[in-house]
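See structure below.
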Amino acid sequence: MTAILETNDLSIAFGGHKAVDKVSVKIPEKKFTSIIGPNGAGKTTFFNLLSGQLSPTSGRIFFKGKEITKLSTTERARMGIGRSFQITNIFPNLTVLENVRLAVQSQAKVRYQMLAHFKHYKQFEEKARELLKKVFLDSKEELRAVNLAHGEKRKLEMAMLLALETEVLLLDEPTAGMALEEVPAIIEVINKIKNEENRTIVLIEHKMDMIMDLSDEVLVLFHGELLAKGSPEEIVENETVQSAYLGGMYDEQLA
Amino acid sequence: MDLIMSLTINGLATGMLIFLLAAGLTLIFGLMDVLNFAHGGLFVWGAFSGVWVYTTTGSFIAGILAAIITGLILGAITEYLIIRPVYGNHVQQILITLGLMLVLGELIKVVFGPEQRSAQPPAFLEGSFMVGDIILIKYRLFIIVVGILIYSAVSFLLKRTRIGLIVRAGVMNKEMVQTLGINIRMVFMAVFMVGAAMAALSGMLMAPYSGVIYAEMGLEFAILAFIVVVIGGMGSFKGSLFAALLVGLTQAFMAYYVPVLSLAANMLLMAAVLVFRPQGLFQVKG
Amino acid sequence: MMLRRMETSTWIYLAIALALFIVPFIFTGRSVLFMIMQIFIFGIFAMSYDLLLGYTGIVSFGHAMFFGIGAYSAAIMLSNGEASIMSLLIGVLIALIFAAIISFIAGILTLRLKSHFYAMLTLALAGLFLVAAEKWTSLTGGGEGFTFMIPDLLRDSGVMYVICLLSLLVFFFGLRRFTKSPLGKVLVAIRENEDRTESLGYQVLNYKVIVSVVAGVIASFAGVLYVLTLRFIDTSVFAVDVTLDALLMTIIGGVGTLVGPLIGAGLVEFAHHWLSDLANVHWIFERWIILYGTVYILAVIFFPQGIVGTLQAKFRGRYNGLAKK
Amino acid sequence: GDGNAAGDGGDESKETIKIGMLASLTGALEAYGQQSKRGFELGLEYATDGTMEVAGKKIEVIYEDTETNPKVARQKALSLLEEENVDFLVGSSSSGDTLAVTPLAEEYETIMVVEPAVADSITGSEYNDYIFRTARNSSQDAIAAAASIADEGVKIATLAPDSAFGRDGVAAFKEAAVNLGAEIIHEEYAAATATDFTANIQKVIESDPDYLFVVWAGANSPWNQIADMKLQEQGIKITTGAPDIAALSTMSALVGMEGFTVYYHTLPDNEINDWLVEEHKKRYDGAVPDLFTPGGMSAAISIVEALKKTEGDATADKLIDTMEGMSFDTPKGEMTFRPEDHQALQSLYAITLEEKEGVDYPVPVLKRVLTPEETAPPIKNEKD
Amino acid sequence: MSSLLELKQVEAYIQQYKILHDISFEVPAGEVTVLLGRNGAGKTTTLRTIMGLNQTSAGSVLFKGEEISGEKTHTIAKKGIGYVPEDQGIFGDLTVGENMRVAMKIEDQETTDRMEWILDLFPDLKKFWQKPGGQLSGGQKQMLAIARAYINENDLLLVDEPSKGLAPIIVEKVMESIEQMKEKTTILLVEQNFMMASKIGDRFHIIDDGQTVHHGQMEDLRSDKALMKKYLGIA
Ligand SMILES: Nc1ncnc2c1ncn2[C@@H]1O[C@H](COP(=O)(O)OP(=O)(O)OP(=O)(O)O)[C@@H](O)[C@H]1O
Ligand SMILES: Nc1ncnc2c1ncn2[C@@H]1O[C@H](COP(=O)(O)OP(=O)(O)OP(=O)(O)O)[C@@H](O)[C@H]1O
Ligand SMILES: [Mg+2]
Ligand SMILES: [Mg+2]
């Protein structure tokens, strides 16, 4: 098993507060890794470090064995690290299709093409439609994104993320605030990606049932440190994890 | 030494005047996140209405009051009609207040006539006295005092009262503040009125300082105010004071030692700040 | 084959363009042509401004700087050398290169910051150019300005008219293509949500700098045409008013559309002419700026899309305006 | 030149003489524009004895606002020349507007009477045959300024805005003053928009002159600060050109100052001026004519006088012949268009500013009339 | 038992879209009433309409027997209603402390006591007292939003999805806190986390497509699998 992403004593502090503290992990290629941990444990911050939104105070990050610690967000995105955000982040005034098309276009070599008509790039549009189908949004492509329901916006984000053709997908609470009813649809999308796309997925979630269903491996962050890692089953059994994160309710929830 | 003292005092006075001008602008931006390019218009209106009352009644104090009242009234109208529809949208704010600036400047000519008007300091502030070889111009000392007073009063308001917090919170999320039982519209209007009154007051104080007022000075001084606000850090009240004094002193000393560059001094200062410290010398937020 | 692929709107524009070529045969008076030429020139200038404001969401307060650079480059070349086509071409070349360099530097420095910083820096730079033009008297004639000769060919206002019209068409169709290119789409994305565009892997700064340079170069060309029609130059080409004019034209006509600024230019020039003529009827029209400003304010509040944008929204039933920031 | 530029204006059969006047009727210089306009109206009336006719032809005037914007000036001039077919252009309030128009006068072979723009270049480097100027030019101002104070051994410092206007003004003054034996010991230039003059005045004090000559035109002015910094108490006398009445009221700190002026309504002693003052008061609510009112009037008189001489012939060539060297009476006494550069030589006035009962600004009181010969400027055009 | 809040046939629009068609329910004093319904059913809109952030186009909203529809939001808030919005409504540039201070209507012994209680409940807030709200983690923001609503003495609290994005252990704490709050304050809760809703709710109303379609006691719902499947998509 090769690690596609690897961190080495990765740390970041915000004015003395260590949000991520000496985390060394290996994220296996083409596997599904989940990150859990209490609120404020540093999960989102860890993602921010991986994707380049933040730069670490110390430690190093490797992507396919190459060090990327000093690279910018865009450079990393182009190498193959894509992420979704905890808050929805789309182009509100553009149509659903235009949203995805922009993402598709960013992958092409025509980023600075300023003389040709975009209509000549039919392939972008086709690809975008295909992706929308994948996330079950094909009926809404002409709607302005702002008018989508919350769950649909998250699906749109997924489509845009898929368009980036990145090898690694970092998903930050893709189902937050979503009705129970909608959750399965998202899980389906994620599952589809996992099975069909052959990509590495890293997921942050608080919904334990989802974690249990999807993950190959689970990492637990606590106060910025890596508290435990292992298969979902191992993690649920882990007593420290139970007292620090799951609390007494977990069993009930599963019930 | 005398020379340096003299340049310093005069530079400080100019700086304080600029500060008074910029204070309203920075207040409105810092608290309400509104870029008010009509600031210069309020400034000229303060100057003209104040000077008009001052010259007809002969009372300087009455002139100052008139300017402040004009500022408050114009501020209320402006906030209600012009600013309210564009809260939260910088681009639109810039565009719309620029339009208001044109209208206010031109209206001055309709109401007060197109000619420039002169204004002299009141008798009790006229002239200067000499301490050793240093000439102290009374009116300038007066301005320095007023500047310090206004700075202290506003700082107190911002730091020691809940008003400052409420306004800042209101900018970030108006609805949320309302659900906390606060009438944010009134608060916003009040802040805008205070900002406008400060602009008007500085117009009135400027009049005897430069001796003349004219309708076009609005845009000119608004640009100066913006330069100061950018140098100080958008929205930082302390920054504006500091930047205004810096600009005042730079002007005074540049004019003496490197007159060639004095015309470009403000612009160069701002360009340098934008390049090396774009958040301004005293930035409060990212 | 090519022809059939063209959009209907293109046909309409081409028809209008053709009609415009006939104008000099109908109105032979120079003063009418002069006015129409000014509309073309400011139309070009406003389009370049719209590229910044309407398409990319960048506010500039110093666009006059590029206009002035173009104007002075041409004027100085023509008055110092002989008034030949050659000197004019050299002047144009200098104008474009100079504008490109300045806009590149201004862009690199401030486009990475929040919107108002670019506005302020361009304002400052334009101010510096104004000061320089006033002080460098030997080159610029200072505040009083100077008159100069233009190549004989261009002295015929019919020829000048055709040149202005051709320039307008080239820039209009060029920019239309530009905004509909893949790159143009990215610009709109930047306007709508800059952070997101960045995280899609687009290097936003590069795009903004490209736009800033393109807009600067075009504005500078408009400046060249302007002095050619005026045959006189003074520092007023660097004045804030010039930028404000572009702003008003763009807003009133419609941001984010190219026809908008053109219509805006026509309307503003025409309204200006007409309203100030009405001053003989009633003194209030001497204060036409009040009227003008009021209309403008109302436009920003009630028709933030401008004339063209509002019409488009009506027809398409779709609202496609300035993003809320 | 242009195909249709030929002098339609010279059409003999035409029954009216059309004059197009360009002035800043709005904008920064609007006060000046209004003065010229009033003066011009009164001037026509005076010169035609109220008939508004000359040599049997009616005179019609079209006033256009340049908005102090060269583009608008040119646009308006073109429409005056083409649509209205005017026989004369008059104007304008700013030198920039004027320079944008003067080449058109040549192209359309139409006489333009420049009033009140002052730039030397109008009748200097940018001169053409169709331009006549009733306004005084910057050099005349400077010479007048020098004449009112300069003398053998007088030490003078200068203060001027750092602009072409300021620097040219000082240069011309310097030449004239040195000719009169004075010595310029210091030149100081301040930003045209400055509000603080401490540094400049400080340097002037350090140079310890007898006089400080100030050239100032912007709305902001150094007068208060000059008074506050007690220059006069330190033995430095101030001198400058007295401006229009609105600006005079900013100079109350300078009572006692010696200087010069282009015009103040009590200064010239002649019948035309008496008429002007009276009519102006009658018509405008008791207001007296201001700095540029007589200029406007002079421009009107010069046109009517020229037409009288050509018996109504408005052909440019004929007019040029007639007007070169022509003398005519104006509220400021006799003026003469110098044949070489078409600049009207005219009287200026050496004055002292004095306080006067019932007037809320310092009043220019006549010291001496500076004759046209005395203030004749150097000829600067390259006319052969 | 008298009802503290009563909605009668409320209709409301967002822009031109009619979102609420017929919402009618009562909130009895001293209980926890839960609004349930699928995504986009109109739960959030209902809360916003009560708060005066949305205008009603028909129907009435009675609070303590007094009509409050049409009143300004701040007036409604002053009558004693607190609100935790769905998007948390944190003032990003203000510190945690300042966020709390803005909310505080009065500073007396009572509030000081509450403050202590809240800070014990969410120690993270105490730890990050000086930190700008915008820099908190998603869950910490949620805690702050809840804390801010608890600080004032209110008769009624409207809480929109408090458990969103919270770790299970924190969800538990929030539940505890609601149970404690219940002693003094009536609560109207919107919650997707059915486990939580069913545990602390006394009665429920189901909203579907802008209409109240069903209501009853919480105990009954838990056993009614058919109903759950029909309206909540829970198998
Ligand atoms: N930009 C920042 N500046 C200062 N502190 C920050 C910043 N971003 C995050 N933090 C702090 O770092 C810690 C970790 O935050 P992070 O957002 O990574 O938590 P998380 O594990 O994602 O939590 P949650 O599950 O609630 O989203 C928190 O205490 C947060 O307040
Ligand atoms: N600004 C808006 N413009 C148009 N439609 C809107 C807007 N806001 C909400 N809606 C629509 O109103 C309906 C009700 O939304 P609401 O937010 O009340 O649902 P909800 O029950 O709270 O859903 P959720 O569980 O996702 O929070 C949805 O169909 C939504 O799409
Ligand atoms: Mg998080
Ligand atoms: Mg909701």
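Each chain gets a letter, A, B and so on, in the order the sequences are listed, and its residues count up from 1. Only a predicted model underlies this, so the values are computations on that prediction, with no experimental measurement involved. In what follows, every heavy atom counts, from backbone to side chain, and hydrogens, waters and symmetry copies are set aside.
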Query raised in the report: Is any side-chain heavy atom of B:M176 less than 4.5 Å from a side-chain heavy atom of E:Q88?
Result: no
**Report entry** Whether over 12 other heavy atoms sit under 6.0 Å from B:R185 CZ
**Finding:** no
Query raised in the report: Side chain of E:R148, backbone of B:L180: donor and acceptor closer than 3.5 Å?
Result: no
Query raised in the report: Between atom NZ of E:K78 and atom CG of B:N183, what is the distance when rounded to the nearest 0.5 Å?
Result: 6.5 Å
Report task. Considering only heavy atoms and a distance below 4.5 Å, find which of B:V177, B:I166, B:N173, B:I184 pairs most often with chain E. Result -> B:N173
Query raised in the report: Taking all atoms of both residues into account, what is the closest heavy-atom pair of E:A77 and B:T179, and its distance?
Result: CB-O, 3.2 Å
Report task. Output the option from E:A103, E:G82, E:A149, E:G52 having the highest count of non-hydrogen pairs under 4.5 Å with chain B. Result -> E:A103
**Report entry** E:E6 atom CD, neighbour heavy-atom count above 12 within 6.0 Å
**Finding:** yes
Requested in this report: Count the heavy atoms belonging to other residues, nucleotides or ligands that lie under 6.0 Å from NZ of E:K131, then report whether that count exceeds 12.
Outcome: yes
Query raised in the report: Any idea which of E:V102, E:I81, E:L158 has the most non-hydrogen atom pairs under 4.5 angstrom with chain B?
Result: E:V102
Query raised in the report: Is the shortest heavy-atom distance from the side chain of E:K72 to the side chain of B:Q178 under 4.5 Å?
Result: no
Query raised in the report: If every non-hydrogen atom of E:H74 is compared with every non-hydrogen atom of B:I182, which pair is closest and at what distance?
Result: CB-O, 3.2 Å
**Report entry** Residues, nucleotides or ligands: over 12 heavy atoms within 6.0 Å of E:K64 NZ
**Finding:** yes
Report task. Evaluate the criterion side chain to side chain contact (heavy atoms under 4.5 Å, CB included) for residue pair B:L165 and E:F91; output intermediate values, then yes/no. Result -> CA-CA 10 Å; B:L165 272 187; E:F91 305 120; over 6 Å; no
Requested in this report: State, yes or no, whether a side-chain contact exists between B:M172 and E:D93 at a heavy-atom distance under 4.5 Å.
Outcome: yes
Report summary line: Value for CG (E:N54) from CD (B:E175), rounded to nearest 0.5 Å, stands at 8.5 Å
